[in-house]
Amino acid sequence: MKVALAADHGGFRLKDEIKKWLESQHIEVEDFGCSCADSVDYPDYALPVAQKVAAGEFDRGILICGTGVGMSIAANKVAGIRCALVHDSFTAKATREHNDTNVLAMGERVIGPGLALDIVKIWLETEFQGGRHARRVEKVMEIEAKHLGVK
Ligand code: RB5
């Protein structure tokens, strides 16, 4: 499994914790920044991760900002991305089983590193259930194909 990771200034500390944990688990990870508290714009960091996951260069993406909201909005603008904003273990599991999400967003200002790492572990380990959920995900992707880019 290859994971692409990025954060803005509101999330780089948690991003670094997640990177350390992924490396400790021997999970391949590439860090797309940022790495300090200097103010940056979250779409600039969400975009490369989302594009690389959509292109199949990485299996999953993880994005951290202050709330996770900006990162999730930006990532979901990229065709092929299903990004979930997750701050609890139940949703981490359900969004893999039901939505086949390929990008995870979290907020460093919302949860602590212990819960965040639990979420990452569950989200990476949980398989998509397919079946009726596949039909629903396909319908979402049809909406994207028909409407993304239409003003
Ligand atoms: C940055 O202050 C903050 O707006 C950003 O990290 C994020 O929470 C946006 O959704």
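Bear in mind the structure is a predicted one, so any value in this text is a computation, not a measurement. Atom set for the values below is all heavy atoms of this structure, side chains included, hydrogens, waters and symmetry mates excluded. Indexing begins at 1, ligand by ligand and atom by atom, following the structure's order.
- Ring-plane geometry between His133 and His98 is classed as parallel, the angle between the planes falling under 30 degrees on a 0 to 90 degree scale with a further cut at 60.
- The stretch residues 94-117 participates, sequence neighbours left out, in these salt bridge (Lys or Arg N to Asp or Glu O under 4.0 Å) pairs: Arg13-Glu108, Arg82-Asp100, Lys93-Glu97, Arg96-Asp100.
- Under a 3.5 Å cut-off, the side chain of Asp8 and the backbone N or O of Val40 do not form any donor-acceptor pair.
- In this structure, Tyr45 has its ring center no closer than 6.0 Å to that of Phe12.
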Go through it in stages, so that I can follow the logic: the residues are Ile64 and Met71, the test is side chain to side chain contact (heavy atoms under 4.5 Å, CB included), and I'd like the CA-CA distance, side-chain angles, deciding distance and then a yes or no. CA-CA 7 Å; Ile64 315 294; Met71 285 295 200; over 6 Å; no
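- To the nearest 0.5 Å, the span separating CG on Leu63 from OH on Tyr42 amounts to 12.0 Å.
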Contacts table for ligand 1: protein N or O within a distance under 3.5 Å of ligand N or O, distances only.
from	atom 1	to	atom 2	distance (Å)
ligand 1	2 (O)	Arg109	NH1	3.3
ligand 1	6 (O)	Asp8	OD1	3.4
ligand 1	6 (O)	Asp8	OD2	2.6
ligand 1	6 (O)	Gly66	N	2.8
ligand 1	8 (O)	Gly66	N	3.3
ligand 1	8 (O)	Thr67	N	2.9
ligand 1	8 (O)	Thr67	OG1	3.0
ligand 1	10 (O)	Thr67	OG1	3.2
ligand 1	10 (O)	Gly70	N	2.8

